[in-house]
Engineer: 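Structure provided below as structure tokens; questions to follow.
Chain letters run A, B, ... following the sequence lines, proteins first, then strands; residues in each count from 1.
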Amino acid sequence: QMCIRDRYQRRVHGDQGFVIKMAGSGYDYDVSTLSPEGKIYQVEYAMKATENSSTILGMVCKDGVLLGTEKLIVSEMMVSGSDRRVYSVTKQIGMVITGLLPDGRCLIDRAKEESASFQKQYGIPITGKVLADRIAQFMHMNTIYLWARPYGCNIIIAAFDEFGGPTLHLIDPSGQCFGYFGCAAGKGRQIARNEIEKLGAKNLTCKEAAFNMAKILHKCHEEMKEKKFELEMSWICPETGMTHQMLPKDMQKEMEIRAQETLEKEAMADVQSQIMKNINICLLYTSD
Amino acid sequence: RPPRSTPKPSSAASDVYKRQVHGDYLIDMESIDWSQPIRDGTTIMAVVYDGGVMLGADSRTTGGALIYNRVSDKIEPIHKRIFCLRSGASAHTQKIAQLCRLYIGQLGSELEETPPVYSAAKIIQSFIYNYKSFLSAAMICAGWDPIKGPQIYTIPLGGTLVRENIATGGSGSAYMSGFCDTHYKAGMTRKECRDFMIQSISLAMFRDSSSGGIIRLLDITKDGVSREYISHDQLPLKQNNYSQSCLLYTSDAADEGLGVDLGGR
């Protein structure tokens, strides 16, 4: 028994139609097709677009929210700061993007429009949860129609409002949107998630947590030490009057230097403890 | 059977529209001036007190000289803790209130919280302002929300939006403005507020021809909403009984001690 698509394959492509070139094998040509296992391959491929891209992080702290990303410097000739990843959508909402950046910038424009129309109609600034739901629905719309492709980016929305306090939402290309206390996406997401869980940012103030975020971002980058990179961090905290601002440049620089030193010290401490263990073993054997 | 006092109405088809039967009364439709729009001539009022907000309105809906409804309800619900008072053309205000209810319902389900009273007022304002050349509507939006507590917003004819602690509206409000200015104080108790409102609306109904009937009151607090009405025989100023209307206060009101002696006539 063959399903309709298999019969089509055989008829059009002959016996070659059944050579399996990749995992999709015919169910991955457009986003409006479900595979027999129940997967939409195009959406999974869109998620792969973000798996190898820059890491983005978000943390909810005791008194606010932090956002951060590490950017690889593509060219020495580029004006620093022109490759923006972190944007302010409203005074109290910030967004960071990873994956296909033009797709991400389109979503940021959409978020700005949604916020403006919400404020115009209802008179109150849009809340983080409502904006995240609307952007997630918008991204999901691109996964149901034949003529559209999914947005190939993960975004984190950090917000502060009267109803929910400080909130964080992570949205992926399939349109799934969840609220988090700490989340990460991109290449270094596993390392970042472990570190954020260990950190327990809910008990730290934004200032203390910002240093830890710089450290985590440097750690995520360790595999690609040869490539130059820079950080982009932002926060919503009492120091900024609960509005979304980029971290002040000197503060960011100072934190990066401290983070690097701390990481080096930790690495040294690791090596030293290894050496001590080996020495103890040697002493054990020469004592006779 | 008693003889007919009026001539028997003709049963010709063209004449049927000329008469309407309401209970025992036969209304001669031709003698009524239908060119006048139906209006809530009105006296409406809202006051913030310590613990909530109280809304009050008269109950007369007129079309020219005809009273269409002498027990109408000018207090429209918008949401669980948000209500609005209508004054001006009835059709316009009812439509605006209905649309506001629709949008605030959507906002409430999107936010999953009690929607702010300010948003309801903003929606009413956007209709009155953007269509001001077509509408004749002035409304008061009042309610309670967890963030700002009890609030009142007036939206008069041109579409301004003003937040106030005491708001009056309608044609009858002019007749009670002196009384309100003298006797309003911030942070009244519920009983003081209720008595103050009953007095002021009675005074307005006493003098304004487009206001009358009963006084409807609505009380909004954090814990709930309660309605009541003061029927015509309980009003401080009895409009039907002219001899008793010479007394400005009933004895109960005097005992509450609003503290003003306006003398007898």
Engineer: Does a sphere of radius 6.0 Å around NZ in A:Lys71 hold more than 12 heavy atoms from other residues, nucleotides or ligands, not counting ones at 6.0 Å or beyond?
Structural biologist: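 Yes, the 6.0 Å shell around NZ holds more than 12 heavy atoms from other groups.
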Engineer: Could you grab the distance from atom CD of B:Glu110 to atom CD1 of A:Ile126, nearest 0.5 Å is fine?
Structural biologist: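 Interatomic distance, B:Glu110 CD to A:Ile126 CD1, rounded to 0.5 Å: 7.0 Å.
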Engineer: Take atom CZ of B:Arg227 as the centre, draw a 6.0 Å sphere, and report whether it contains more than 12 heavy atoms from other residues, nucleotides or ligands.
Structural biologist: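 Counting other residues, nucleotides and ligands, CZ of B:Arg227 exceeds 12 neighbours.
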Engineer: Most heavy-atom pairs under 4.5 angstrom with chain A, which of B:Pro116, B:Ser126, B:Pro115?
Structural biologist: B:Pro116
Engineer: Under a 4.5 Å heavy-atom cut-off, does chain A meet the side chain of B:Glu113, its backbone, both or neither?
Structural biologist: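 Contact with chain A is through the side chain of B:Glu113 alone.
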Engineer: Would you call A:Phe163 and B:Glu112 a side-chain contact if the rule is heavy atoms closer than 4.5 Å?
Structural biologist: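 Answer no - side chains too far apart.
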Engineer: Check this for me: B:Tyr184, atom OH, are more than 12 non-hydrogen atoms of other residues, nucleotides or ligands nearer than 6.0 Å?
Structural biologist: yes
Engineer: Mind checking what makes side chain to side chain contact (heavy atoms under 4.5 Å, CB included) contact with B:Lys122, not counting sequence neighbours?
Structural biologist: B:Tyr118, B:Gln125, B:Leu161
Engineer: Out of curiosity, A:Tyr122 OH to B:Leu111 CG, how far, rounded to the nearest 0.5 Å?
Structural biologist: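 It comes to 8.5 Å.
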Engineer: Taking CD in A:Glu162 as the centre, count heavy atoms belonging to other residues, nucleotides or ligands within less than 6.0 Å. Is the count above 12?
Structural biologist: no
